[in-house]
Amino acid sequence: MAAFILLSTTACSRPAAENADSSAATQLSPSDAVSTRTVTDDIGRQITIPASVRRVISLAPSVTESIFAIGAGDRLVGDTTYCNYPEEAKAVAKVGDTLNPNIETIVALKPDVVFVSGASQLETFTNTLDRNRIAVYVINPESLDEVVESLDRLAEILGTENAAKTLSDKIGRKRVEIGEKVGTYLAEDPSEEAYEKRVGVRRVFVQISREPLFTIGKNSFLNQLIYEAGGKSVTADVDSAFPKLSKETALALDPDVIILSDSPDNQGPSEVFVNSSAVKNKRVYKINADIISRPGPRLIDALEQIAKDLHPEKFHD
Amino acid sequence: MFLIAVLAAAVALASIFGSERLSFFDLSDQQRSILFDIRLPRVFLAACVGASLAAAGAGLQALLRNPLAEPYLLGVSNGAALGTMLAFVLFENLEYSRPVMAFAGAAAATFVVYQMAKGRAGMTVERLVLSGVIVTTFLSSVIVLFTSILDAAKLRSFTFWLLGDLSQATKNGAILCLIAAVIGTVVLASQARGLNLMMIGERDALDFGVEVSRVRLLVFGAGALLVGASVAASGSVGYVGLVVPHLVRMATGSDNRSVIPFSAIAGAAFVVLADLVARTAIAPRELPVGAITALIGAPVFIFLLRRN
């Protein structure tokens, strides 16, 4: 399954992006600011934005990372206190945190577009922003494919298509490289069983917090990422994205590998894993909590690190 | 006797059922570990927490002659919660920092309430309840203030704990809570006669030779111990201290010599069963036990109010 998705994204080229020039934005003088265009966001809303977008606000760390990654960081006039990457993001004016943005600060910054990551954020302030003619754009990728796609759409809005193309090509190449090492490709038999046998899939438990014990469930985008890295989340059939898991079940799962989301309250595996294969074989790894929780451009780094943790023997260099 | 049978049945049920099915006649090493390291300590802790909260509730209701008196109303719970929160923030790595800080918080809150209530004209029940409410709301604000400056990762575990969570049960924690439950309940029960007389009126009690201030001090101290230990172990498990003593009083009358110990037993059974629901309802996920006790407790309490 993962192999299919990989090929489809890397093979796809975008002629439209080639033609568009990043200088298009700068050619417009202030008097042209009234000219507008219509774009569609992630939940299918039609949004009218100025033809030239000069000032944007991001209310999600993942979106902030994406905006910087496609070379439009200079357009970002406001972000949240959670936005800590790249380093420049910290210097951008703060408009509050993701859940409690300050509407007055947002309006005062006069943005053309405000990017939010969840539909739930919308209701709180769409009306107020509408009245001030500020567009709200929902951008919420839920897989590495959608991240790449979201970079393109962000670039279209911000007029940095070339930089975005370079970035998504780089991500695509890296993905292929990792896939070749792990054995995601070579799919003569595309069935899941064949994949798991060929790759030597590891049974992975992702521990989000130690006490209480939180993990990832059915709705987490990490399931697919782990699969692509040659693993399988042992909690992939548990409801919700970040379930609190019964310790009895956790003990019975006996994972091969434990991945710890690196945060102060999560520095070691839960004591229920004392006798698990993962702990016995010292297969416990930490991973930066930000890169596995934000559907942004660094998801590719998460993929690489998880693949290395799961299959160290396949990464010699 | 009936209550002990109910408690035994509750404990048996809670030991048999969980998110994992165990073959009791042929336990593998893994299943043994699930049963003895995870499930039983948790059932045991649930029983201790339930007993502590219900006994503390019964004691405080008798002392204050107020059927609404509860650890929550008097600031005791919030004191314990704030203490635990400080332990979360300041001494994250010390094993016993949470129970110790919770008890310190509960005791400090109790002391403040007690001092505030002691006016020039002596202590009245109204003053006590009023002081309790003021201290409770003040401590709530401090907790809210802290949660808004706490970093996200710590906040998550704290929020969950605040809703009542027994998943962090360990053998040592359960034993600590048991010791507190036994000492607290015995102290409360030993003051039952004094409390009975004080329920008629404090002047009458004085005439009968009851040392009213001593009874007050002991009941408050035992309450702080019971509540501190259970809040540290499981967060805020609501309604136990309110509903259980009421039900017991309805069944046995209001003699505190029976109400206090019976409340402890019934409270233990109640929380053990509520936690069984919390563990199994959406397994392998878990619900906060405090939500279950409140879901059962609130309607029962409304029913009781309407009947009287």
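Numbers restart at 1 for each chain; the letters A, B, ... are given by sequence-line order, proteins then strands.
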query: With only heavy atoms counted, which part of B:Asp165 is less than 4.5 Å from chain A, the side chain, the backbone, both or neither?
result: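 Only the side chain of B:Asp165 comes within 4.5 Å of chain A.
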- prompt: What part of B:Arg279 lies closer than 4.5 angstrom to a heavy atom of chain A: side chain, backbone, both or neither?
  reply: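 The side chain, not the backbone.
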query: Using a heavy-atom distance cut-off of less than 4.5 Å, which residues of residues 237-255 of chain A contact chain B?
result: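 Within residues 237-255 of chain A, near chain B: A:Val238, A:Asp239, A:Ser240, A:Pro243, A:Lys244, A:Leu245, A:Ser246, A:Lys247, A:Glu248, A:Thr249, A:Leu251, A:Ala252, A:Asp254.
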With a cut-off of 6.0 Å (strictly less than), are more than 12 heavy atoms of other residues, nucleotides or ligands near [atom1] of [X]?
X        : atom1 : value
A:Gln267 : CD    : yes
A:Tyr285 : OH    : yes
A:Asn281 : CG    : yes

message: Return the CD1 to CD distance between B:Ile38 and A:Glu271, rounded to the nearest 0.5 Å.
response: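 Answer for the CD1-CD pair, B:Ile38 versus A:Glu271, is 7.5 Å.
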